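First comes the structure, then the notes that go with it.
Predicted model, so just to flag it, every value in this text is computed and none were measured. Throughout, numbering of the chain's residues begins at 1 and tracks the sequence. Remember, it's 1-based here, ligands and their atoms both numbered in the order they're listed.
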Amino acid sequence: MSKLSVDHLLGIKNLKKKDIELIFKTADNFKRIINQPIKKVPTLRDITIANLFFENSTRTRLSFELAEKRLSSDVVNFSSSSSSVKKGETLVDTVNNILAMKVDMVVMRHPNPGAAEFLSRNVESKIINAGDGSHEHPTQALLDSYSIREKLGSVEGKKIVIIGDILHSRVALSNFHCLKKLDAEVRVCGPSTLIPKYLDSLGVKHFTNIKEALNWCDVANILRIQLERQDVNYFPSFREYSMVYGVNKELLDSLDKEIVIMHPGPINRGVELSSDVADSEHSIILDQVENGVAIRMAVIYLLAQKINK
Ligand code: CP
């Protein structure tokens, strides 16, 4: 049986192309299962997983929990707001105490970039990064590329534009790595203040004109403006951002071609994306959410093969 080349899922940067292809092939099987009347398999009955969320989440947290339950693993959920972290306990102490209760795998979202990698070096457990600050969100990038593959047949050679707040986005960085490993063409679009300088070294080109960007691409992945990570104003107002970079039906209707619309959620309706596009036939936003469960089942299943019991 094929195995992942990594012991943890910390970021897409650490994965090889063949790891991503293995995750997709495994997710294909799980997607078939979760679309049957009985959506559960007994595969991981001997595994216990802790979900540690130090930051808010709807999609990722519920998707991981459903993935774990559909694999029949035992699940415990931890939220930092109601924990002893509030009394000053360190991250490593917190996790080591959870692991002492015979937990095998940790899924963690944390506001600090590098938190998942730090944990993987300091505790004895498999670690899955569910988003670390503005660094990486590997399962989001995997489900995004998987959804493109499902919609367009493959990712290779497809033109993807990522629009919006690239500077503060872990989704963007993980998507660049994933799409490039899968041989897609990636560009970005947004105000120069929200485009990080490191993109030049990754060979990612920048559009400032939204219509030009949409006419170039096969797929537009539209990001939320992440106010919680912004210390200064990067553009004059939401109204102006929406007028210059917002994607709406009038703009889509003016294009020379049909394109696929994606968004990792949560959407700021009326800012980066209008409701008549978010809810249109162009949008695969809810397919992304559905595919998130199969992708997370695949990642958990493949990492569980590496646990020495
Ligand atoms: N896409 C995503 O990470 O959403 P949540 O913050 O709701 O988990």
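Of the protein's non-hydrogen atoms, the one nearest atom 4 (O) of ligand 1 is Arg59 NE, 3.0 Å. Of all protein heavy atoms, the one lying nearest to atom 6 (O) of ligand 1 is Arg109 NH1, 2.9 Å. The protein heavy atom nearest to atom 1 (N) of ligand 1 is Pro264 O, 2.8 Å. Of the protein's non-hydrogen atoms, the one nearest atom 2 (C) of ligand 1 is Thr60 OG1, 3.5 Å. Counting only heavy atoms of the protein, atom 7 (O) of ligand 1 lies nearest to Thr58 N, 2.8 Å.
Between the side chain of Ser57 and the main chain of Arg61, a donor-acceptor pair closer than 3.5 Å is present. Side chain of Arg170 to main chain of Gly133: a donor-acceptor pair is present (N/O by atom type, distance under 3.5 Å, no hydrogens or angles). The closest donor-acceptor contact from the side chain of Ser120 to the backbone of Glu117 lies under 3.5 Å.
Salt-bridge annotation for Lys17 and Asp183: present, with a side-chain N of the basic residue lying under 4.0 Å from a carboxylate O of the acidic one.
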Less than 3.5 Å apart, which donor and acceptor atoms pair up between the side chains of residues 256-264 and the rest of the protein, not counting sequence neighbours?
residue	atom	partner	partner atom	Å
Lys257	NZ	Asn215	O	3.3
Lys257	NZ	Trp216	O	3.3
Lys257	NZ	Cys217	O	2.6
His263	ND1	Gly265	N	2.8
His263	NE2	Ile222	O	3.4
His263	NE2	Glu272	OE2	2.8

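Ring geometry for Phe54 versus Phe78: interplanar angle of 30 to 60°, hence tilted.
Interface atoms of ligand 1 facing Gln140, defined by a heavy-atom separation under 4.0 Å, are 1 (N), 2 (C). Close contacts between ligand 1 and Gly265 involve ligand atoms 1 (N), 2 (C), 4 (O) [criterion: under 4.0 Å to a heavy atom].
Distances between N or O atoms of Arg61 and those of ligand 1 include no value under 3.5 Å.
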